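Everything numeric here is computed off the predicted structure, so don't read it as measured data. Note that these values count all heavy atoms, side chains included, but never hydrogens, waters or copies made by symmetry. Counting starts at 1 for both ligands and their atoms, in listed order.
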Amino acid sequence: MGVELEPTKTYDLDAAPGYPALVDPFGRDISYLRVSVTDRCDFRCVYCMSEHMAFLPKADLLTLEELDRLCSAFVARGVRKLRLSGGEPLVRRGIMTLFSTQSRHLATGRLDELTLTTNGSQLARYAGALAANGVRRINVSLDTLDADKFRAITRWGELPHVLAGIDAAQAAGLKVKINTVALKGVNEDEFPRLIEWAHGSGMDLTLIEVMPLGEIGRLDQYLPLSIVRARLNERFSLQDTDDRTGGPARYVCVGETGGRLGFITPLTHNFCESCNRVRVTCTGTLYMCLGQEDAADLRKPLRASEGNELLFAAIDEAISRKPKGHDFIIDRRHQRPALGRHMSVTGG
Ligand code: SAM
Ligand code: SF4
């Protein structure tokens, strides 16, 4: 990868006069944008990527300057929460520049939250810079505390690096939430230990049901969280809460630890009615729903002119097509995932 230049200009769209805040046809405000800033990663988690991935040529990717302009356009149209994801966001060269330029929207009050989802491998290096750029909370993905199992799940990952990254993040004052994908026969015996560890260190933990994305054939590891919850109920006292963090997780409070435990169950529950989010890939493709194929190309209007009229028109047109709900169907007979794209394309 070549060195990317610092952005030469930032599009400080304090507002977009004449353009209203984004609202979809079902009256949902679009206030949350997730951006996959790279399709690359230094891990190869078995449920997310195949071992030999073909990555995109660099010319297809939006530059950091284009990403800044795109994010700013969404902020100007009412997005108040921005999450950078990937691939692994912290392996994109120069990514701190994007955090730095986007932090201006925190300063003006147009953005409430700038955050990221990371595998934690590079956190020890970047935690201080993230905090300095106004990041307050981060999500770190971690499925096991067993170093061998960690290597088996991530293929290329080293647990001690991630644990050191989490320590560095907390030392820098970042609030950390742990995301754990529930995998049948792999980490299902470890959830009590993970919960006690996370809560003991002041971190929430969210369990995620594995989703049928990408041609990776991981349906054999599908573990319904209803089963996990029932098992955890025998060991812990779980009290329902109304807490929502603007995402699809439902939270319970664990009596024994005093910590929060979230469940993200995209396959068994429907969280679509309150869906306030859209996703952009690193090539500028806008997905209006994680569970559907419909998408809009924003790179073309972005590159077609310096002004934002074409970009806003493309965003408006796409939001007018945001579906009411998702459509995950596991085709068990053919053992095929419902969607062909990998999670690393849309950033989860
Ligand atoms: N590399 C970063 C990370 O791992 O946190 C960010 C990108 S990753 C695609 C975002 C989240 O998606 C991670 O928490 C990961 O565990 C989750 N994920 C990936 N593939 C998944 C799948 N098939 N089902 C459920 N969650 C998945
Ligand atoms: Fe990389 Fe995250 Fe996918 Fe794992 S889940 S391969 S860390 S993008």
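Aromatic ring pairs are classed by plane angle as parallel below 30°, tilted from 30° to 60° and perpendicular above 60°; the pair Phe312 and Tyr19 is tilted.
At a 4.0 Å heavy-atom cut-off, ligand 1 touches Val181 through the side chain alone. Contacts of Thr118 with ligand 1, taken as heavy-atom pairs under 4.0 Å, involve the backbone alone.
Ligand 2 lies within reach of Gly87, whose nearest heavy atom is under 4.0 Å from it. The shortest heavy-atom distance from Ser36 to ligand 1 is not under 4.0 Å.
Residue contact check: Gly86 has heavy atoms under 4.0 Å from atoms 7 (C), 9 (C) of ligand 1. Near Glu88, meaning under 4.0 Å from one of its heavy atoms, ligand 1 places the atoms 1 (N), 2 (C). Taking a cut-off of under 4.0 Å to the non-hydrogen atoms of Cys45, the atoms of ligand 2 that pass are 4 (Fe), 5 (S), 6 (S), 7 (S). Close contacts of ligand 1 with Glu209, meaning ligand atoms under 4.0 Å from a residue heavy atom, involve 25 (C).
For ligand 1, none of its N or O atoms has an N or O atom of Ser85 under 3.5 Å away. Looking at ligand 1, you won't find any N or O of Pro89 less than 3.5 Å from one of its N or O atoms. Between Asp143 and ligand 1, no N or O atom pair is found at a separation short of 3.5 Å. The shortest N or O to N or O distance between Ile208 and ligand 1 is not under 3.5 Å.
A donor and an acceptor atom, one from each side chain of Arg104 and Ser72, are located under 3.5 Å apart.
The residues Glu256 and Arg235 are annotated as not salt-bridged, no charged nitrogen and carboxylate oxygen being separated by less than 4.0 angstrom. Salt-bridge formation is detected for the pair Asp204/Arg260: a Lys NZ or Arg NE/NH1/NH2 atom is positioned less than 4.0 Å from an Asp or Glu carboxylate oxygen. The existence of a salt bridge linking Arg40 and Glu88 is excluded, since no basic side-chain nitrogen approaches an acidic carboxylate oxygen closer than 4.0 Å. Salt bridge absent: Asp297 and Lys300 never bring a charged side-chain N and a carboxylate O closer than 4.0 Å.
Nearest to atom 21 (C) of ligand 1 by heavy-atom distance, out of Tyr222, Tyr47, Phe43, is Tyr47. The option with the heavy atom closest to atom 6 (C) of ligand 1, from among Gly87, Cys41, Ser141, is Gly87.
By the 6.0 Å and 45° rule, Arg279 does not stack over the aromatic ring of Tyr287.
Within 6.0 Å of atom NZ in Lys149, more than 12 heavy atoms from other residues, nucleotides or ligands are found, so the atom counts as buried in its surroundings.
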| message | Using the rule given for salt bridge (charged side-chain N to carboxylate O under 4.0 Å, His left out), can you reason through Arg299 versus Glu66, listing the C-alpha separation, both sets of side-chain angles and the distance that settles it, and then say yes or no? | response | CA-CA 9 Å; Arg299 187 177 58 188; Glu66 287 169 333; over 6 Å; no
